[in-house]
K.L.:
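Please see the structure below; I have some questions.
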2 protein chains.
Amino acid sequence: MAAVDLTNHPGHLARRLQQAHYLLWNAMVSEEITSPQFAVLNALVDEPGLDQRTVGERVGLDRSTVAEVISRLGRRGLLDKVRDPGDGRRFLLRLTEDGVRTHRKLALRTARMNQVFLAPLSAAEQTQFLDLIRRVADAAEGLRNPGDPGTPVEPLAAPT
Amino acid sequence: MAAVDLTNHPGHLARRLQQAHYLLWNAMVSEEITSPQFAVLNALVDEPGLDQRTVGERVGLDRSTVAEVISRLGRRGLLDKVRDPGDGRRFLLRLTEDGVRTHRKLALRTARMNQVFLAPLSAAEQTQFLDLIRRVADAAEGLRNPGDPGTPVEPLAAPT
DNA sequence: CTGGATTAATCAGTGCCCTGAGTAATCACC
DNA sequence: GGTGATTACTCAGGGCACTGATTAATCCAG
């Protein structure tokens with residue numbers, strides 16, 4: 001009767017997009033290491049010694065989720081977790097050699113996967129696709145982070 | 001060292017987009033009914049009497065997930081589930097009056113939320129945003145559904 | 001009409017994602 | 001230097017998402 005067309009709903013599309021990505025990741029990158037797990041490895045390659053909270057901030061995982069992800073990576077022997085001698089609340093994280101190797105291997109596959117994922121779009125469209133998602137996600141994150149001067153956002157005023 | 005810039009990775013962006021949507025949904029639409037639950041209600045408004053499998057197909061939920069979602073909606077009294085007299089494997093689903101009321105109420109709020117969500121983009125960009133996501137998601141779904149003549153997709157050939 | 005495939009749904013198991021509550025360590029102010 | 005707020009992390013609980021195995025009903029070939 002009064003049903004809505006979900007194909008115009010960004011949330012619905014975002015969910016489908018993520019599902020599609022999940023499946024492709026499993027097929028082309030890894031069945032063991034997930035995309036969020038790779039993001040954590042990637043953050044620690046560049047900055048060893050980060051604590052959990054900061055890693056979560058870098059890759060967009062909340063405190064609970066980042067704890068689970070890190071515990072899995074630890075169980076697999078891809079990273080080590082030691083108490084910060086300077087601040088007993090923190091754990092300092094760093095990749096093991098295995099973690100570095102795994103990251104390097106997956107980085108290559110991830111690049112290939114991204115090409116396949118974006119293949120239906122032209123080069124110009126790909127750039128815009130990433131740009132548009134980034135802008136929407138950044139703005140929405142800003143909505144629940146007052147004090148972040150990034151984009152105050154007038155919620156009800158449609159631009160142009 | 002060899003870290004990758006995740007802000008160019010569609011999968012990472014898709015995840016952040018969905019997280020952002022999740023939070024906005026909670027703030028502007030409902031803390032009780034989730035977006036996938038709304039999608040199921042929406043499917044049943046138009047076509048009462050669908051079975052679980054078909055509902056899942058319509059809204060993009062796999063067999064396990066759709067079972068959980070439907071069981072929650074049933075517990076909340078928003079839909080009824082009866083054995084198909086013509087085929088004892090199926091359950092026929094239909095909304096209760098409460099389900100229809102809930103759907104109507106949330107449909108309005110969802111429309112408002114979508115405006116806020118897309119507000120950082122101009123009208124033209126909004127259209128393209130939805131179009132690009134749809135194309136990428138459709139193509140990726142097609143990759144794991146051979147037999148679906150939608151888009152066979154040459155995975156490694158970049159268009160244009 | 002009967003026995004082997006298919007199909008709808010369930011269940012167990014893993015992982016991501018959020019919230020709210022709790023614990024322990026540190027910081028900051030008096 | 002001690003007390004109250006803040007901070008890092010953990011834990012419990014609810015929900016989405018996938019896989020592989022199982023159950024029950026139906027379909028179809030012989």
Side-chain angles (χ1 to χ4, degrees), chain A residues 11-12 14-27 30-40 49-57 59-76 81-93 140-141 144, chain B residues 11-12 14-27 30-40 50-57 59-76 81-93 137 140-141 144:
Chain A
H12 184 70
R15 189 170 58 80
R16 286 186 44 214
L17 185 68
Q18 220 213 330
Q19 287 171 356
H21 175 264
Y22 174 90
L23 293 176
L24 197 57
W25 179 281
N26 255 278
S30 170
E31 295 182 343
E32 314 278 315
I33 306 299
T34 65
S35 167
Q37 286 172 22
F38 174 73
V40 168
L50 291 181
D51 64 312
Q52 276 185 217
R53 200 199 107 279
T54 308
V55 168
E57 204 173 87
V59 303
L61 295 173
D62 71 302
R63 67 206 190 288
S64 279
T65 305
V66 85
E68 292 176 22
V69 170
I70 283 172
S71 129
R72 281 181 202 112
L73 291 172
R75 254 186 274 128
R76 284 184 186 283
K81 193 173 156 179
V82 294
R83 280 251 181 235
D84 184 345
D87 184 341
R89 291 168 299 181
R90 272 192 258 273
F91 287 99
L92 302 184
L93 306 168
E141 279 167 12
R144 273 290 170 182
Chain B
H12 183 68
R15 189 171 58 80
R16 285 186 44 215
L17 185 68
Q18 221 214 330
Q19 287 171 357
H21 176 264
Y22 174 90
L23 293 176
L24 197 57
W25 179 281
N26 255 279
S30 170
E31 294 181 345
E32 314 278 315
I33 307 299
T34 65
S35 167
Q37 286 173 22
F38 174 73
V40 168
L50 291 182
D51 64 311
Q52 274 183 218
R53 200 199 107 284
T54 308
V55 169
E57 204 173 88
V59 303
L61 296 173
D62 71 302
R63 67 204 191 290
S64 278
T65 305
V66 85
E68 293 175 21
V69 170
I70 283 171
S71 129
R72 283 181 202 110
L73 291 172
R75 253 186 274 129
R76 284 184 187 283
K81 193 174 156 179
V82 294
R83 280 252 181 232
D84 183 345
D87 184 342
R89 290 169 300 181
R90 271 193 258 273
F91 287 99
L92 303 183
L93 306 168
E141 278 167 13
R144 273 291 168 182

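Predicted model only: the values in this text are computed from it and were never measured. Chain identifiers are assigned alphabetically (A, B, ...) following the order of the sequence lines, protein sequences preceding nucleic acid strands; residue numbering begins at 1 within each chain.
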K.L.:
Want to settle it: does B/Arg83 or A/Leu61 sit nearer the 5' end of DNA chain C, counting the closest nucleotide to each?
P.N.:
B/Arg83

K.L.:
In whole Å, I'd like the distance from the NE2 atom of A/His21 to the P atom of D/dC18.
P.N.:
14 Å

K.L.:
So, taking the atom named CD1 in A/Ile33 and the one named CG in A/Asn26, what distance separates them when rounded to the nearest 0.5 Å?
P.N.:
11.5 Å

K.L.:
Under a 4.5 Å cut-off applied to non-hydrogen side-chain atoms, are B/Leu50 and B/Leu93 in contact?
P.N.:
no

K.L.:
Just call it for A/Thr65: base, sugar-phosphate, or nothing, with non-hydrogen atoms closer than 4.0 Å on any strand.
P.N.:
base

K.L.:
Given C/dC18, C/dT10, C/dG15, which nucleotide is nearest the side-chain atoms of B/Arg63?
P.N.:
C/dT10

K.L.:
Round to the nearest Å and state the distance from A/Arg15 atom CZ to C/dC17 atom P.
P.N.:
15 Å

K.L.:
Considering only C/dA25, D/dG15, D/dA17, which nucleotide approaches the side chain of A/Arg89 most closely?
P.N.:
C/dA25

K.L.:
Test for a donor-acceptor pair under 3.5 Å between the base of C/dC11 and the side chain of B/Ser64, counting only N and O atoms.
P.N.:
yes

K.L.:
Please pick, from C/dT6, C/dT19, D/dC18, the nucleotide with the shortest atom-to-atom distance to any side-chain atom of B/Asp62.
P.N.:
D/dC18

K.L.:
Does B/Gly60 offer a backbone N or O that forms a donor-acceptor pair with the side chain of A/Gln19 under 3.5 Å?
P.N.:
yes

K.L.:
Rounded to the nearest Å, what distance is computed from the CG atom of residue B/Leu23 to the P atom of nucleotide C/dT19?
P.N.:
6 Å

K.L.:
Quick check: do A/Val40 and A/Leu73 have side-chain heavy atoms less than 4.5 Å from each other?
P.N.:
yes

K.L.:
For A/Phe91 and C/dA24, what is the distance between atoms CZ and P respectively, to the nearest whole Å?
P.N.:
13 Å

K.L.:
Report which part of the nucleic acid B/Asp87 touches: base, sugar-phosphate, or nothing (heavy-atom distance under 4.0 Å, all strands).
P.N.:
sugar-phosphate

K.L.:
Starting at the 5' end of DNA chain C, which residue's closest nucleotide do you reach first, A/Thr34 or A/Pro85?
P.N.:
A/Thr34

K.L.:
Less than 4.5 Å apart, side chain to side chain, heavy atoms only: is that true for A/Arg90 and A/Thr54?
P.N.:
no

K.L.:
Starting from C1' on C/dC17, measure out to CZ on B/Arg16 and report it in whole angstrom.
P.N.:
15 Å

K.L.:
Can you tell me how far P of D/dC18 sits from OH of A/Tyr22, to the nearest Å?
P.N.:
7 Å

K.L.:
Rounded to the Å, how far apart are B/Ile70 CD1 and D/dA17 C1'?
P.N.:
15 Å

K.L.:
Between B/Lys81 and C/dT10, is there a side-chain N or O to OP1/OP2 distance below 4.0 Å?
P.N.:
yes

K.L.:
Does B/Glu68 reach a base, just sugar-phosphate, or nothing at all? Heavy atoms under 4.0 Å.
P.N.:
base

K.L.:
Quickly work out the A/Gln18 CD to C/dG15 C1' distance and round it to whole Å.
P.N.:
12 Å

K.L.:
Quick one: is C/dC17 close enough that its OP1 or OP2 comes under 4.0 Å of any side-chain N or O from B/Gln19?
P.N.:
yes

K.L.:
So, OP1 or OP2 of D/dA8: does either fall under 4.0 Å of a side-chain N or O from A/Arg90?
P.N.:
yes

K.L.:
Side chains of B/Lys81 and B/Gln52: closer than 4.5 Å at any heavy-atom pair?
P.N.:
yes

K.L.:
Please determine, for the side chain of B/Asp51, which listed nucleotide (C/dG15, C/dA8, D/dC18) has the closest atom?
P.N.:
C/dA8

K.L.:
Phosphate oxygens OP1/OP2 of C/dA8: is one of them under 4.0 Å from a side-chain N or O of B/Arg53?
P.N.:
yes

